[in-house]
Every structure is written in C-alpha cells, then in structure tokens.
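Since the structure comes first, as structure tokens, the remarks are kept for the end.
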Amino acid sequence: MTVFRGRGVGLVPLLFVIAFLAVLPAFGSHFFVEFVVTRALILGLVASTIVFLSAYGGMVSLAQLLAYGVAGFVIGNCVPRADNKGLKLGLNPWVAVVAALVITTFVALVLGALSSRTFGIYFLMLTLTYAVIGYYVFGQVATISGFGGITGLGPPAVFDGPLRLYYLALAFSALAFLGFRAIRRTPFGVAFEGIRDDPIRMASLGFHVPLHRALAFGLAGFVAAIAGVLNVWWNGQIDPNTVSINETIHLLIIAVIGGIGRLEGAWLGAVVYVAANNYLRDLPFADSIGLTEARFNTVVGLLVLAIVVLSPDGLTGLIGRAGKGARKRTGVVAGASSAPPSAELPTALPNRS
Amino acid sequence: MLASWRRRPLPTAVVVLPIAFAVGWVLFFASGTPSGAAIHEPGEFLVTLLDGITFAGLMFVVASGFTLIFGLMRTVNMAHGALFLLAAYIAIDLQQKMAGKTRNLEPKDVAITSWVIPMLVGAGVAAALGVVIQQVFLRWNQGQDLRQALITVAISVIVADQCLARFGGLAQRMIWPDTVTHFFEIFGKRYATSRLFMLGVALLVGALLWLWLNKTRMGLVIRADVNDQAMVRALGINITAVFAVTFFVGAFLAGMGGAMGASFAGVAPGADGQWLLNSLVVVIIGGLGSIKGAAAGSLLYGLVVAFSPAYLPTDYTFYAIILTFTLLAIVLAVRPYGLFGRPE
C-alpha cells in the first residue's frame with residue numbers, strides 16, 4: 001500500500017501565511033477577521049487533530065469534536081457562579097482552563113484506550129458512537145448542562161476582545177501545526193507512523209501498539225481541548241448541539257475538503273467551509289437555482305461528494321498535484337521527490353486480507 | 001463459565017459481575033426506582049421486558065440491513081439512517097393520501113393495507129435509491145473502506161437536507177393499522193398490541209433473512225463471499241449481481257425500519273443520525289457483518305435502553321445513557337470485534 005506522505009509546506013510559505021494573517025486585521029473588515037477568520041482558525045485547530053490522527057496513525061476519529069465540547073462544558077460548569085445552568089462552581093477562569101485541559105485529556109485517554117485495539121473503519125464507527133453518546137450525555141444529564149446549554153461565558157479579562165481572541169487562535173493554530181510536525185520526528189512519532197503502516201510488525205518488534213494509539217488519541221484530545229476553550233470564549237456559550245452528530249460530520253467534512261492526509265488541509269478546509277457558510281447567499285444567481293442558505297447542507301454534501309469521488313486527498317492534494325504538474329512541464333525536477341500522491345486514502349487497513 | 005473463569009479470570013469477571021449485579025438489582029433491590037423491585041412489581045418488570053424486546057425487534061430490522069451490506073461488501077453505509085428517514089417520510093405521505101386525510105389521522109381510518117402498502121413503497125424507494133448509490137458511487141471503489149464511508153456520509157447529508165426541504169422540520173407520525181391498535185392486560189398493566197405486531201414483523205424479517213441466507217443458492221454465495229471473497233471469484237461466480245441484490249435488501253430493510261419506526265415513535269429531522277447510531281451500537285456490540293450478531297446486539301441494547309431509565313434510582317434516571325456506554329465499553333474491553341465478529 002502506498003501512503004501519501006507529502007513533505008508539507010516549507011518554512012518560508014508558512015511564515016508568509018502567518019505574517020499575512022498577523023497583519024490581516026489592519027485591512028480586513030471587523031466581520032471578516034473577528035467572525036469568519038477566527039471561526040475558521042478554531043475549527044481548523046480542532047480539525048487538525050483529525051488530520052494528525054489519520055495522516056500519522058491511520059485513525060480517522062469522529063470523537064475530536066466531542067473532546068472540543070467536553071473542554072467547553074468543563075469551562076461552562078466551572079466558571080459561572082450563580083444564575084446559570086450546570087454545576088456553577090465559580091472557580092477562577094484560569095483554574096477552569098487547567099481543569100478543562102486535564103479532564104478532556106483524561107477522557108480522551110480513556111476513550112482512546114477503549115478503542116485502541118480497533119482499526120480502520122471499526123475505529124471510525126466506534127468514535128462516531130462516542131460522539132453521539134457524548135451528545136446525549138450532555139443533553140440528558142441536566143446537572144452538567146441539559147439541552148439548553150450554558151450561556152453567558154466569556155474569556156478572562158486579558159483576552160476579552162474579539163481581536164485578542166483572533167490572535168490567540170492564530171498563535172495556537174501555528175503552535176499546533178508546528179508541534180504536530182515536530183512530533184513526527186520524535187521516536188514516538190516514528191513508532192506511531194510505523195503502527196499505521198504495519199501494526200503486527202510493530203507489535204512483534206516490541207512496541208506496545210494499543211498504548212501508542214491511546215497516547216496519540218490523548219494528545220489529539222488535548223489539542224482539541226485547547227480549541228474547545230477558545231470556542232467557548234469566542235462563542236460565549238456552549239450547548240449539546242456543539243457536539244451533535246451533524247456538527248461531528250461537518251468537522252469530518254472540513255478535514256476531507258482540505259485533505260485528510262495533510263495538516264495544512266485542516267485549516268484550508270475550515271476556511272472553505274466557513275466561507276461557504278457565510279458567503280453562499282452572496283453568489284450571483286444563487287437564489288434562482290435554489291441555493292439558499294437553508295440548503296447549505298446540500299451544497300456541502302455535493303462538494304464533499306465531488307471531492308471524495310474526484311480527489312480523495314482533498315484540496316491540498318489537488319494543489320499538490322497541480323504544482324507537481326507545473327514543475328514537470330517546466331522541466332524542474334522536485335528535489336527529493338516524495339511519495340507520489342495516491343488515490344488511496346491513508347487509512348485503508350494495511351493488513352486486510 | 002468455570003472453564004472461562006480459569007482461563008481468563010479478569011475478562012470473565014468484567015462480564016459476569018456487572019450482569020449479576022444488574023439482575024440482582026432489578027429483581028430484589030430496585031425499590032427506590034420508578035419501577036420498583038421486580039419481585040414486588042412483576043407487572044412493571046414484564047412491561048419493561050416487553051418494551052426492551054419489541055424495541056430490539058425494530059432495531060434488528062434496521063441493523064440487519066446495515067450488517068448485511070457490511071458483511072458482504074465491507075461497505076459501511078453511513079447513509080443507512082438517511083434511507084430510514086426517506087422511507088419513513090414517503091410512507092407517511094402515502095398513508096395520508098390513502099386515508100384521504102392529512103390531519104388527525106386515527107387508527108380507525110387506517111386499514112391494514114394502508115399501513116402495509118405505504119411501508120412497502122417507502123422501503124422500495126429506499127431500496128431503489130440504495131441500488132443507485134451502490135451502482136454509481138460504490139461499485140468502482142470496492143475495498144477502499146474509508147472512501148466509501150465518506151461518500152455515503154456526503155450522500156446522507158444531501159438526502160437528509162432534501163428531506164428537510166421537502167417534508168419540513170416538524171415531527172410526523174405514521175399510524176398503526178386499526179387491527180393491531182388494541183391494549184391487553186398483563187399483571188394489571190395495559191400493553192399496546194401494536195408493539196407486539198412490530199416484534200412480529202421483525203421476527204418475520206429475521207425468519208425470511210435466515211431462509212434466504214441458508215436455504216437459497218444466492219444465500220450460499222453470499223455466505224461464501226463473506227468468508228473468502230477471492231475464492232468465490234476464482235470459482236467463476238458473478239458477484240456483481242449479488243452485490244446489487246444485497247444492497248437492495250439492506251436498503252429495503254432500512255426503509256422498512258423507517259416505516260416501523262415512524263409508526264412506533266414518529267420521525268423528525270435528526271432521526272437519521274439517531275438510527276445510524278442505533279445501527280452502529282448494535283453492530284459494534286454484535287459484531288459487524290453477522291446477522292446473528294445483529295440479533296444479539298439488538299436484544300442486549302434494547303434491554304439496556306428499556307431497563308436503565310426504569311430501574312435507576314428516581315433522581316438519576318437521566319444517567320440512563322451512560323449505561324449504554326457502559327454496555328459498549330464492557331463488550332469492547334472483552335471482545336474488540338463484537339460478540340459474533342472476528343478480526344479482518
């Protein structure tokens with residue numbers, strides 16, 4: 001089985017993108033920066049955990065939005081004092097952040113341990129089940145939320161202000177991107193990729209396969225928790241619909257649009273998704289062919305269908321192939337030609353019969 | 001049990017102790033719960049038991065279609081819930097047309113035919129759509145399981161959204177036929193005959209599936225193919241037609257479940273995700289690809305769903321959902337591929 005392992009974007013384009021986003025508030029409109037781009041960065045951050053698990057570990061997880069929601073609900077239960085739903089613990093907001101990260105990581109480790117012996121499509125279904133059960137837990141257990149959710153939450157004073165949240169989301173996105181790439185070069189990362197390619201061989205070499213997978217799941221849960229905290233600060237509220245099956249599927253769709261094999265795809269997919277969500281109605285003639293905002297799901301569904309059928313490695317794969325084609329035509333051979341993009345998604349079971 | 005205790009003490013304890021505790025609790029100690037201990041309140045116990053078994057019947061119909069498709073083609077049909085939803089809406093629409101009333105439809109307006117025909121039509125449409133999905137989108141990428149799952153995810157998003165556009169966002173209900181809408185008494189409790197009718201339909205489906213898979217030539221091919229796909233092809237059997245028929249049957253079962261579920265509890269947007277979840281839980285417990293597993297999984301899950309709200313202490317009934325997760329966790333800890341499943 002060939003697995004598409006792109007070398008990813010180089011440092012220069014990356015710095016360029018970060019610098020561009022850093023100065024964006026100077027000329028972008030308030031709505032665009034504080035609503036569209038901030039949301040895309042937060043969604044990209046949580047989608048990047050799907051990509052991390054799937055590209056490096058062959059684990060397509062649908063439980064990442066659940067981790068994001070768990071962190072949000074911990075904040076929602078810890079911070080408010082009275083006149084609210086949930087436990088109303090009235091803790092210091094920074095203690096609440098630590099609690100959110102610790103509890104979410106712990107939950108992710110437990111769920112990861114439970115599913116660490118299932119592979120491929122079984123893993124996908126199991127994590128989807130976690131996600132939906134999580135939705136019902138937050139919906140039905142009125143002590144911690146109930147279907148109405150918890151409102152009136154905000155960031156601590158230091159980060160109060162939409163522009164500050166924007167920079168915070170940008171900083172954590174950059175950190176996560178670089179961090180996930182750095183992990184790949186650690187012994188843990190190498191073993192994790194080995195497990196994706198051949199779990200049986202890694203087990204016979206003495207690696208503890210379920211432990212590596214559970215730990216990676218815990219790490220992804222930790223990063224998703226950061227995104228969840230940002231989301232609750234940015235949104236001001238959290239309710240079970242944040243982690244509903246619909247939203248869970250949409251997060252997977254974000255990762256698929258961008259390309260589930262490459263980290264930068266997570267943010268690219270998030271930008272496309274949020275842009276489609278906000279600007280669909282502005283397209284000329286959109287109304288006349290029935291493309292109203294209410295039919296957003298149909299549009300997104302068609303988009304994903306087209307991508308999965310035509311370019312299973314998503315937009316980043318498409319861009320990568322276009323770049324490669326251009327280099328070939330001009331006669332410049334790419335330095336270290338990485339593994340060729342394959343139509344196969346990186347998660348087919350390596351040991352299928 | 002003793003032998004398994006000696007061989008694998010920990011997994012056996014993980015299974016036996018919770019079951020023993022649950023049975024003991026329900027029988028003797030559950031006094032502070034909505035239902036009360038079974039020895040004092042046998043009626044409540046029987047009603048809960050029947051609730052569990054009849055709901056399991058409905059889940060079996062839906063989940064057997066899901067597991068049939070997976071067992072043969074290794075395709076995880078994430079659009080299974082969407083087919084359920086579509087068939088339910090079509091059946092409701094047709095029933096209202098046949099009864100000549102769109103509002104306040106009552107059992108006395110519904111002859112047995114104006115339940116059975118809408119059910120078959122709805123399921124037929126779902127089955128036809130299933131075959132189209134299989135022929136257009138899944139035939140050429142056999143074996144790429146994630147890609148197929150993503151394709152069916154996209155289709156389910158589109159179908160569910162179009163259902164919302166066409167049939168609206170309000171909950172709708174199909175009406176059981178007059179002949180089965182009665183009540184009978186067990187230990188002083190009233191119980192609806194329609195739930196037993198639902199169980200009967202499920203048993204009929206189970207029997208027909210068993211006959212089809214075990215007594216016909218096509219069933220033989222399907223079972224052989226589940227075991228060893230390469231060998232079946234090598235023997236010169238044309239598997240393409242078998243794939244299409246299996247997808248038809250699997251989608252038909254989703255649609256049948258849709259009509260039954262619409263009569264049992266009604267449908268609304270979101271029912272697709274809920275029934276995809278039910279199918280997933282059932283097959284994860286029972287083992288993917290096994291009809292026996294679908295039956296066992298539905299029964300276990302149905303019993304947990306029925307018993308947990310009834311027998312948790314009154315202040316804690318909303319924790320019932322956590323017991324579903326506990327069931328799943330126990331099964332996975334002991335058998336990662338489900339009760340009747342096996343590793344690839």
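Computed from a predicted structure; not experimentally measured. Per chain, numbering begins at 1; letters A, B, ... match sequence-line order.
Looking at A:Ile133 and B:Leu328, their side chains come closer than 4.5 Å, going by heavy atoms from C-beta outward. Side-chain contact between B:Gln274 and A:Ile245: absent, with no pair of heavy atoms (C-beta onward) separated by less than 4.5 Å. In this structure the side chain of B:Leu146 reaches within 4.5 angstrom of the side chain of A:Val60, judged on heavy atoms.
Looking only at distances, a side-chain donor or acceptor of B:Arg147 sits under 3.5 Å from a matching main-chain atom of A:Val308.
Between atom CZ of residue A:Arg295 and atom CD1 of residue B:Ile158 there is a gap of 12.0 Å, rounded to the nearest 0.5 Å. If you take CG on A:Asn297 and OG on B:Ser156, they are separated by 9.5 Å, rounding to the nearest 0.5 Å. To the nearest 0.5 Å, atoms CG (B:Leu277) and OH (A:Tyr136) are separated by 6.5 Å. Atom CD1 of A:Ile121 is separated from atom CE of B:Met78 by 7.5 Å, given to the nearest 0.5 angstrom.
With a 4.5 angstrom heavy-atom cutoff, A:Leu126 touches chain B via backbone and side-chain atoms both. For B:Leu332, the parts lying under 4.5 angstrom from a heavy atom of chain A are both the backbone and the side chain. Using a 4.5 Å cut-off between heavy atoms, A:Val256 touches chain B through its side chain atoms alone. Looking at A:Leu252, only its side chain comes within 4.5 Å of chain B, counting heavy atoms on both sides. For A:Leu111, the part lying under 4.5 angstrom from a heavy atom of chain B is the side chain only. Only the side chain of A:Tyr130 comes within less than 4.5 Å of a heavy atom of chain B; its backbone N, CA, C and O stay farther away. Interface residue B:Ile284: only side-chain heavy atoms are found under 4.5 Å from chain A.
Scanning both residues, B:Ala329 and A:Leu114, for their nearest heavy atoms gives CB-CD1, 3.7 Å. In this structure, B:Ala154 and A:Leu305 approach most closely via the heavy-atom pair CB-N, 3.8 Å. In plain terms, the two heavy atoms of B:Leu288 and A:Tyr122 that are nearest each other are CD1-CE2, 3.5 Å. Looking at every heavy atom in both residues, B:Ala149 comes nearest to A:Leu124 through CB-CD2, 4.3 Å.
Note: A:Val141 leads A:Val300, A:Val137, A:Val141 in heavy-atom pairs under 4.5 Å with chain B. Of the listed residues (A:Val132, A:Leu303, A:Ile249), the greatest number of heavy-atom pairs within a distance under 4.5 Å of chain B belongs to A:Val132.
For CG of B:Leu170, the number of neighbouring non-hydrogen atoms (other residues, nucleotides, ligands) closer than 6.0 Å is 12 at most. By the 6.0 Å contact criterion, CZ on A:Phe147 is enclosed, its count of non-hydrogen atoms from other residues, nucleotides or ligands being greater than 12. Other residues, nucleotides and ligands contribute only 12 or fewer heavy atoms inside 6.0 Å of the CZ atom of B:Arg139.
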B:Val153 vs A:Val304, side chain to side chain contact (heavy atoms under 4.5 Å, CB included): CA-CA, chis, key distance, verdict: CA-CA 9 Å; B:Val153 162; A:Val304 173; 6.0 Å; no
